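Since the structure comes first, as structure tokens, the remarks are kept for the end.
All heavy atoms count here, side chains included; hydrogens, waters and symmetry mates do not. Please read all numbers here as calculations on a predicted model, not as lab measurements.
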Amino acid sequence: MDTNIEIFLGVLAVLVALYYYFTVHFDFWNVRGVPGPKPVPVFGNVGGLMFGRISGPDYTVKLREQYKNEPVIGIIVRRSPTLIIQDPDLIKDVLIKDFPKFADRGFIISEIAEPISAHLFALEARRWRPLRSRFSPVFTSGKLKGTFSLILACAEQLGAYLQKLVDRDEPIDCRDLAGKFTTDVIGSCAFGLEMNSLTDKETEFRQMGKEIFATHLKGIIRFRMKECVPQLYDLLSYLMPYDKLTEFFTKITIETIDYRIKNNISRPDFLNILLELKKNPEKIPDIDLTDTLISAQAFVFFAAGFETSSTTISNALYELALNQDIQDQLRQEIFKYDLENNGDWKYEVIKEMKYLNKVFQETLRKYPPVPILTRDATSNYTFSNTKLSIPVGTKLWIPVFAMHRDPDIYPNPDKFDPERFNESEKVKRHPMHYIPFGDGPRNCIGARFAIYQTKIGLIKILQHYKVDVCEKTPLTYELNRFAFLLMPAKPLYLKFTKLNY
């Protein structure tokens with residue numbers, strides 16, 4: 001009997017300890033006077049997100065509707081206090097004014113299990129700052145002009161491949177089409193490699209690209225393990241081989257760099273910056289420039305460069321298929337500039353196209369690629385004009401998608417309306433109410449590149465093809481509930497018809 005009591009008390013003690021572990025921060029926001037939903041043990045406020053009952057973007061919209069007039073909302077992510085910032089002035093403080101105190105994005109980097117996770121997008125401020133300063137020159141307007149012809153050449157290949165698909169008279173998955181195009185662009189402009197994705201045969205680069213953001217069961221389990229038990233995830237990695245993404249990108253990056261060094265090849269591209277760092281590691285002291293760290297930077301430029309732009313192209317085509325009047329107006333602008341410039345498309349020409357820019361901006365308004373920006377407080381901080389103070393390590397969310405879909409900011413937000421980006425309309429809005437590329441020092445480094453490869457892709461498609469909905473087109477755009485980036489849950493099939501003129 002005494003033994004049974006001891007077992008019971010032991011089990012009870014473990015349960016109490018676990019309960020305390022999972023609930024110890026539940027009063028974190030209450031004592032600071034921050035409103036928010038009531039958390040539950042183990043999951044906090046994100047059980048629905050973890051099990052895919054709701055997407056992250058839709059969850060932030062739901063919270064925004066529930067706490068409409070609150071500048072901040074406090075939630076618990078499993079057991080971590082997380083502050084959702086809604087007030088645009090506070091967002092500006094975090095992203096720009098007081099950026100040094102929020103320089104970390106707060107991503108979990110598993111350099112043991114996933115060496116290529118130590119990339120520019122996720123790195124802590126100590127390694128991010130010197131690497132960002134080295135990479136920034138690649139993305140200037142001058143350098144972009146130099147790669148413009150390479151993007152244009154890929155767009156010509158896109159047109160030829162699209163004609164083959166149209167000849168089959170079948171609905172076309174425009175996400176897959178755009179993904180092949182942007183994969184080729186990144187390969188040509190960043191790596192100096194011919195990806196040859198715009199064929200019926202799926203290349204290894206294209207396969208790797210699809211794998212990066214795949215939401216299959218294995219990927220979801222790995223991601224949840226890394227989130228919830230990162231130490232165990234790293235420990236298990238000693239028993240498992242590297243995943244195929246790590247092996248592929250490390251191999252292709254280092255082999256290409258070594259080939260260029262051996263053959264004295266220099267190109268004004270992203271990989272050349274990595275080559276110079278490998279040859280001269282003393283340029284970034286206090287950072288161990290391993291082959292995997294170098295490969296991680298190549299990986300993230302490829303991943304972000306092809307996925308965000310391909311999704312934006314496909315989302316734009318989807319909306320243009322649903323809104324034929326907007327498609328016609330944009331095509332007229334394309335015809336106008338094509339005629340005025342004798343078919344000679346240049347960087348400066350695309351920069352002048354105002355309606356194309358409005359369509360592009362409205363696409364990113366409705367479908368921001370990164371729907372939630374994250375930051376970690378790197379020191380104790382008190383928000384201006386408030387009594388709210390947070391300790392170092394507190395996590396922050398900036399709900400970009402929810403702001404972009406707020407009817408008080410963008411009336412009738414589900415309507416696709418490029419006229420929202422007339423100058424007279426833009427001045428009415430707070431600058432922080434439109435941040436598809438983030439803002440401040442840690443904004444998207446490749447924003448200019450993404451803008452131009454997206455616009456060129458759209459021009460080359462709409463110049464020669466009419467885009468319509470078909471029987472396979474999803475008339476309701478449902479978000480993928482397990483994806484980190486914003487992407488549809490279903491393929492975006494559209495009908496493309498060759499224009500005769």
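- Remark: Ile91 CD1 to Asp89 CG distance equals 9.0 Å, nearest 0.5 Å.
- Taking the six-membered ring where tryptophan is involved, the planes of Phe270 and Phe139 are tilted, since the angle between them lies from 30° to 60°.
- Listed by first and then second residue, the side-chain hydrogen bond (donor to acceptor under 3.5 Å, both in side chains) pairs that reach into residues 116-131 are Glu111-Arg127, Glu124-Arg127, sequence neighbours excluded.
- If you take CG on Leu63 and CD on Gln86, they are separated by 8.0 Å, rounding to the nearest 0.5 Å.
- When the shell of 6.0 Å around NZ of Lys415 is examined, it contains 12 or fewer heavy atoms from other residues, nucleotides or ligands.
- Ion pairing of Arg175 with Glu307 is present here, as a side-chain N (NZ or NE/NH1/NH2) and a carboxylate O approach within less than 4.0 Å.
- Summarising the local packing, NZ of Lys38 is surrounded by 12 or fewer heavy atoms from other residues, nucleotides or ligands at distances under 6.0 Å.
- Atom NZ of Lys395 sits about 11.0 Å away from atom CH2 of Trp397, to the nearest 0.5 Å.
- Between Asn315 atom CG and Leu492 atom CG the span is 6.0 Å, to the nearest 0.5 Å.
- Relative orientation of the Phe121 and Phe107 rings is tilted, given thresholds of 30° and 60° on the angle between their planes.
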(request) Would you check, one step at a time, whether the test salt bridge (Lys or Arg N to Asp or Glu O under 4.0 Å) holds for Arg64 with Asp406? (result) CA-CA 8 Å; Arg64 192 173 181 90; Asp406 189 328; 2.7 Å; yes
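- Taken to the nearest 0.5 Å, the CG atom of Leu165 stands 9.0 Å off from the CG atom of Asp176.
- Using a cut-off of 4.0 Å between Lys/Arg side-chain N and Asp/Glu carboxylate O, Asp98 and Lys92 are scored as not salt-bridged.
- Between the side chain of Lys101 and the main chain of Asn380, no donor-acceptor pair closer than 3.5 Å is present.
- Between the side chain of Tyr318 and the main chain of Pro474, a donor-acceptor pair closer than 3.5 Å is present.
- Ring geometry, Phe43 versus Phe51: the interplanar angle exceeds 60°, so the pair is classed perpendicular (tilted spans 30 to 60°).
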(request) Give the intermediate values and the outcome of ring-ring contact (aromatic ring centres under 6.0 Å, His included) for residues Phe181 and Phe306. (result) CA-CA 8 Å; Phe181 164 63; Phe306 101 83; over 10 Å; no
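- Checking Pro436, Pro371, Pro369 one by one against Leu486, the side chain to side chain contact (heavy atoms under 4.5 Å, CB included) holds for a single residue, Pro371.
- Remark: the backbone N or O of Ile435 is paired with a side-chain donor or acceptor of His404 at under 3.5 angstrom.
- Phe360 carries Lys455 over the face of its six-membered ring, with the cationic atom under 6.0 Å from the centre and within 45° of the normal.
- In this structure, Tyr477 has its ring center under 6.0 Å from that of Tyr367.
- At a cut-off of 3.5 Å, with distance as the only test, no side-chain donor of Asp104 or Thr378 sits close to an acceptor on the other residue.
- Taking the centre of each ring, Tyr410 and Tyr434 stay at or above the 6.0 Å mark.
- Looking only at distances, a side-chain donor or acceptor of Asp87 sits under 3.5 Å from a matching main-chain atom of Leu90.
- In this model, a donor atom of one side chain and an acceptor atom of the other lie less than 3.5 Å apart for Asp184 and Ser197.
- Of the possible polar contacts, one joining the Thr147 side chain to the Leu144 backbone as a donor-acceptor pair under 3.5 Å is found.
- Summarising the geometry, atom CG belonging to Asn412 is positioned 7.0 Å from atom CG belonging to Asp414; distances are rounded to the nearest 0.5 Å.
- In this structure, the side chain of Gln327 engages the main chain of Leu320 through a donor-acceptor pair within 3.5 Å.
- Remark: Arg481 does not engage Asp58 in a salt bridge, criterion side-chain N to carboxylate O under 4.0 Å.
- There is no side-chain donor-acceptor pair under 3.5 Å between Thr82 and Ser80.
- Remark: side-chain polar atoms of Ser133 are paired, donor with acceptor, to backbone N or O of Pro130 under 3.5 angstrom.
- Using cut-offs of 30° and 60° for the angle between ring planes, the Phe205 and Phe248 rings count as perpendicular.
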(request) Could you please spell out the steps behind the side-chain contact (heavy atoms from CB on, under 4.5 Å) verdict for Trp29 and Ile390? (result) CA-CA 10 Å; Trp29 296 120; Ile390 56 175; 4.1 Å; yes
(request) Give the intermediate values and the outcome of salt bridge (Lys or Arg N to Asp or Glu O under 4.0 Å) for residues Asp173 and Lys490. (result) CA-CA 10 Å; Asp173 181 353; Lys490 302 175 182 177; over 6 Å; no
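- Here Phe383 and Tyr381 bring their ring centres to under 6.0 angstrom of each other.
- Looking at Arg365 and Glu362, a side-chain N of the basic residue comes within less than 4.0 Å of a carboxylate O on the acidic one, giving a salt bridge.
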